[in-house]
Amino acid sequence: MKNNVYTLVFAAVLGTVCAIVLAVPSVMLEPYRRANMEADKVRNILGVLGVPVEKNASSQQLLDSFRSVVKEEKRGTLSLYRYLQDGETMAVAVPFSGPGVWGPVEGFLSLSPDLRTIRGITFHKHEETPGLGGEIATESFRKRFIGKTLESVSGKAGIRIRPPGSPLADNEIHAITGATMTCNKVEVMLTAVIQRIKEERNENVK
Amino acid sequence: MSNSCGACVSLCGGKGKATFHDGIWKNNPIAVQVLGICSALAVTNRLANALVMGLALIFVCMGSNLIVSSLRKAIPHRIRMIAEVVIIATFVIVFDQILKAFYWDMSKQLGPYVGLIITNCIPMGRAEAFALQNGPSLSLLDGFANGLGYAAVLAVIGFIRELLGTGAILGHQVLSAEWYTPNQVMILAPGAFLVLGFLIALSQAIKAPVQEVKK
């Protein structure tokens, strides 16, 4: 009996002491960690918008340059990041996300100011198979999107990912060999966001 | 002063030396005990990652060994393992938090592996096998030696993989891209297995050059 009480008391004391030891750095370092997470997101947006950034810029520098040239705006269900230079829109970034093969995929699509042409794309979060689906994050795949239109000639919204070697229309790109499933998922999530962009664009025109 | 010198002498000679030699070489946690393999394979595609991971393990092993050894007479026998895990976890989380606050990029590259030190067999094994039986200063040394033994193996694997896989060391190109084609296998998981296998074979060969089974 006495033994059990001692064991319980020891466990309680050890747990409490460790919790306090952990609470101190957790509270003290929280602002740094938050700034880093924010900067991480900002780095992706700046990158896809084509804003020139120093290679070894600190978190604070990234946040500063983000605040000075990028304007965030909500349009319906979309949040847009507008890259402004001397009052003129240079490019617009739109976040997209969706399920991949192994886990969620997140990225940003960078568009021309009229929201009709793709300027660039990033996939900053994905868990696809390295060497196969994981290739979506490589520059050689992301480059394929540049200059593509958001809809086909007949006006159907969406990017289509076609088998390698097939002839391409303005809204089509070549898939990655061996990553058909990932490419299909990417096509679905991009088409969904493009559909929303198109709706927003039409609303604005009205 | 004389006290600390006395402690130092007793550490450096006899038991201390043996403890140190055990951790680094004779009973190296990776090369001999083949513990902590998961992280050793996962984070060694860059030398810098391997070094930070080694540092993390040195920190955790020293800290947990010191605390467990200091409390060894107070820890109830029945819950000693869970107590060890709690102590180890505390040190791991502190290290992880510091990494996340000040070395964000490194923290991102190491991914979950810093947190997974909690389940790494090395700190737990040292606490259970050494710190519970020995005094704090000797346990601290044991933690350091084992951490360093782990770190050294990781550093060697990281060095070989980064050099062959990217032609660079710590990000500086040393093998010119003009004549050296980076070997992608070294960056991927199979490269880690290969390098580790050769390394263990090499260390065994050095330790026991001719120890064939005689019938």
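Within every chain, numbering begins at 1; the chains are lettered A, B, ... in the order of the sequence lines, protein sequences first and strands thereafter. Note that the structure is predicted; figures quoted are calculated from it, not measured. Below, each value reflects all heavy atoms present in this structure, side chains not excepted, and no hydrogens, waters or symmetry copies.
- In this structure, the portions of A/M37 lying under 4.5 Å from any heavy atom of chain B include both its backbone and its side chain.
- Using a 3.5 Å distance cut-off with no hydrogens or angles, the side chains of A/S112 and A/R119 do not pair a donor with an acceptor.
- No other option in A/C18, A/A11, A/A35 has as many heavy-atom pairs under 4.5 Å with chain B as A/C18.
- Applying the 6.0 Å contact sphere to CZ of B/F193 captures no more than 12 heavy atoms from other residues, nucleotides or ligands.
- Remark: B/F198 CZ is loosely packed, at most 12 non-hydrogen atoms of other residues, nucleotides or ligands lying under 6.0 Å away.
- Using a distance-only test at 3.5 Å, with no hydrogens or angles considered, a donor-acceptor pair links the side chain of B/S69 to the main chain of B/N134.
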Steps toward side chain to side chain contact (heavy atoms under 4.5 Å, CB included) verdict (A/F66, A/L62): CA-CA 6 Å; A/F66 180 75; A/L62 284 170; over 6 Å; no

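- A distance-only check finds a donor-acceptor pair linking the side chain of A/N36 to the backbone of B/A101 [under 3.5 Å].
- Residue contact with chain A, scored on non-hydrogen atoms closer than 4.5 Å, involves the backbone and the side chain of B/A74 alike.
- Interface residues of residues 28-67 of chain B toward chain A, defined by a heavy-atom distance below 4.5 Å: none.
- Heavy-atom neighbours of chain A within the stretch residues 152-161 of chain B, taken at a separation under 4.5 angstrom, are nonexistent.
- Side-chain N or O atoms of A/S152 include one that pairs as donor or acceptor with a backbone N or O of A/K156 at under 3.5 Å.
- No side-chain donor from either of A/D40 and A/N44 sits under 3.5 Å from a side-chain acceptor of the other.
- Here the side chain of A/H174 pairs no donor or acceptor atom with the backbone of A/R144 at under 3.5 angstrom.
- For chain A, no part of B/I82 is nearby; none of its heavy atoms comes within less than 4.5 Å.
- Ranked by non-hydrogen atom pairs under 4.5 Å with chain B, the options A/V21, A/V17, A/T7 are led by A/T7.
- Across B/L188, B/T90, B/I93, B/V94, the residue that shares the most heavy-atom pairs under 4.5 angstrom with chain A is B/T90.
- Using a 4.0 Å cut-off between a side-chain N of Lys or Arg and a carboxylate O of Asp or Glu, A/R160 and A/E172 qualify as a salt bridge.
- Remark: the backbone N or O of A/E88 is not paired with any side-chain donor or acceptor of A/D86 at under 3.5 angstrom.
- For the set B/Q97, B/K100, B/H77, B/Q184, the entry with the most heavy-atom pairs within less than 4.5 Å of chain A is B/Q97.
- Here the side chain of A/Y81 pairs no donor or acceptor atom with the backbone of A/A91 at under 3.5 angstrom.
- Counting only distance, with no hydrogens or angles, the side chain of A/S79 and the backbone of A/K74 share no donor-acceptor pair below 3.5 Å.
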